[in-house]
Amino acid sequence: MKVSERTSGVEYVIRDIISYARKYEDTGKPITYLNIGDPVRYGFNTPPHIKQALIAAVTNDQNYYAESEGAPELREAIVEKESQKGFSLCEGDVLVTNGVSEGLDMILASIVDPGTEVLMPGPHYPPYASYTKFYGGRPIEFKLYPDGRPDVEDVASKINSKSRAICIISPNNPTGEVFDRKGLQQIVDLASEHNLYVICDEIYDNIIFDEQFTGIGRVARDAPVILLNGFSKAYLMTGWRCGYLCLNARSRKLDSLRENVAKLARVRISSNLPVQLAAAQALRGPQDHIQDMVHKLRKRRDYVVKRLNAIDGVFCNLPRGAFYVFPKVDLHGRWRDDNEFVLNYFHSTGVLTVPGSGFGKKFGAGHFRIVYLPQISILEEAMNKLETFMSKSCK
Ligand SMILES: Cc1ncc(COP(=O)(O)O)c(C=O)c1O
């Protein structure tokens with residue numbers, strides 16, 4: 001039986017790699033999973049007040065379909081959060097989705113036509129490219145400097161009559177790089193000049209280590225900016241699937257998109273109501289767990305970066321947000337590409353990481369991604385194994 005050609009470009013390397021792990025598991029040897037960015041799997045538990053809000057909603061029979069745009073109390077809390085970050089919006093500009101993933105799908109479904117192009121950072125979180133391809137478009141990667149600033153000349157040189165949008169992911173996955181105010185402003189200016197949408201993913205906005213975070217709202221003015229955000233990471237609700245998209249209230253250029261995404265929201269009825277009510281409490285309730293998490297992650301980041309840079313043939317920048325590192329590896333004469341490197345490292349040690357080319361062929365190749373969410377003792381063991389693996393492969 002046939003399946004649609006559309007799906008042939010869909011990849012998600014972070015989970016696609018798990019098929020190797022399943023086979024390895026059959027050997028009975030232990031696996032250290034450093035592949036999935038899910039803090040809840042590594043002992044960062046959902047805070048009690050959020051769990052209680054979910055239980056209360058279910059117990060109080062708030063188990064019906066929600067409004068397609070999202071529960072009013074959650075949209076109100078989202079307006080408060082995002083306005084504080086400088087984004088212009090009211091409740092009508094917010095749409096609650098089943099994770100940022102669904103928001104991204106809805107936006108790309110609404111703006112990509114076959115043959116059009118979407119610019120995205122190189123490297124980038126894989127669904128940006130997968131959904132673009134699924135809707136018949138072409139992902140175009142632009143260059144970032146090691147400190148996270150976009151290479152504006154490179155972005156400008158890649159804009160043409162087929163371009164529809166420029167994506168920003170800040171902090172970025174897989175690099176942890178954070179866009180600064182100037183970089184954000186430059187992208188917004190370019191997009192306004194060329195009539196392009198700006199899609200900005202701020203799912204890691206609370207997981208920042210070294211400086212103040214600047215949100216896209218601070219520079220958006222009346223540009224056609226779409227903000228994506230969610231509860232998976234800082235609120236430790238990965239399995240609950242809750243996120244949202246916000247459309248810049250000041251942009252008239254977003255009027256058609258506004259109607260279109262609302263239609264897509266209605267056709268999938270609504271997102272999960274008890275989870276939305278818990279998400280409202282996540283925004284309104286205590287925030288202390290975030291500071292505690294960032295504190296632990298900063299230590300883990302510093303440890304992993306130090307260890308990686310001490311290994312011959314591995315080079316790693318200091319990420320300024322999220323919980324990933326994206327080291328470059330000297331493949332020369334040892335491995336054909338980053339896929340072979342990651343599989344060899346996995347088969348020799350049981351440590352599962354993700355090949356860099358899955359985050360974009362051009363800028364991801366020759367790298368691999370490590371999630372540094374586990375405790376230092378687990379990271380230490382993985383780094384010891386990497387050190388031995390690299391030194392053996394030199395001989
Ligand atoms: C940049 C980025 N956006 C979106 C997501 C997915 O978010 P959600 O769980 O809200 O679908 C992830 C998950 O790793 C991510 O790294």
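When a ligand or atom number is given, it counts from 1 through the structure's own listing order. All values below come from the heavy atoms of this structure, side chains included, with hydrogens, waters and symmetry mates left out. This chain uses plain numbering: 1 for the first residue, then up along the sequence. Predicted model only: the values in this text are computed from it and were never measured.
Salt bridge annotation for R138-E117: present, with a cationic side-chain nitrogen under 4.0 angstrom from a carboxylate oxygen. The existence of a salt bridge linking R307 and E380 is excluded, since no basic side-chain nitrogen approaches an acidic carboxylate oxygen closer than 4.0 Å. A salt bridge links R221 to D189: at least one charged side-chain nitrogen sits closer than 4.0 Å to a carboxylate oxygen. A salt bridge is absent between D93 and R75: the closest approach of a Lys/Arg side-chain nitrogen to an acidic carboxylate oxygen does not fall below 4.0 angstrom.
Residue-level proximity to ligand 1 for Y324 is carried by the side chain, the only part with a heavy atom below 4.0 angstrom.
An N or O contact shorter than 3.5 Å links S232 to ligand 1 by distance. Between K233 and ligand 1, at least one N/O pair is under 3.5 Å apart.
No heavy atom of G243 sits closer than 4.0 Å to any atom of ligand 1. Heavy-atom separations between Y204 and ligand 1 include at least one value shorter than 4.0 Å. Within the structure, ligand 1 has I203 among the residues with a heavy atom less than 4.0 angstrom away.
What you find for G37 and V371 is that their closest heavy atoms are N-CG2, 4.0 Å. Residues A278 and W240 share a closest heavy-atom pair of CB-CZ3, 3.9 Å.
Using a 4.0 Å cut-off to heavy atoms of R241, the atoms of ligand 1 that qualify are 8 (P), 9 (O), 11 (O). For ligand 1, the atoms sitting less than 4.0 Å from at least one non-hydrogen atom of I169 are 1 (C), numbered in the order shown with element in parentheses.
Nearest non-hydrogen protein atom to atom 10 (O) of ligand 1 is V100 N, 2.7 Å. Looking only at heavy atoms of the protein, atom 12 (C) of ligand 1 is closest to Y125 CZ, 3.3 Å. Atom 3 (N) of ligand 1 has its closest protein heavy atom at D201 OD2, 2.7 Å.
A cation-pi geometry, defined here as NZ or CZ lying under 6.0 Å from the six-membered ring centre and within 45° of its normal, holds between K23 and Y20.
A donor-acceptor contact closer than 3.5 angstrom is absent between the side chains of E177 and Y145.
Distances from atom 11 (O) of ligand 1 to the heavy atoms of S101, G230, G37 show the closest one on S101.
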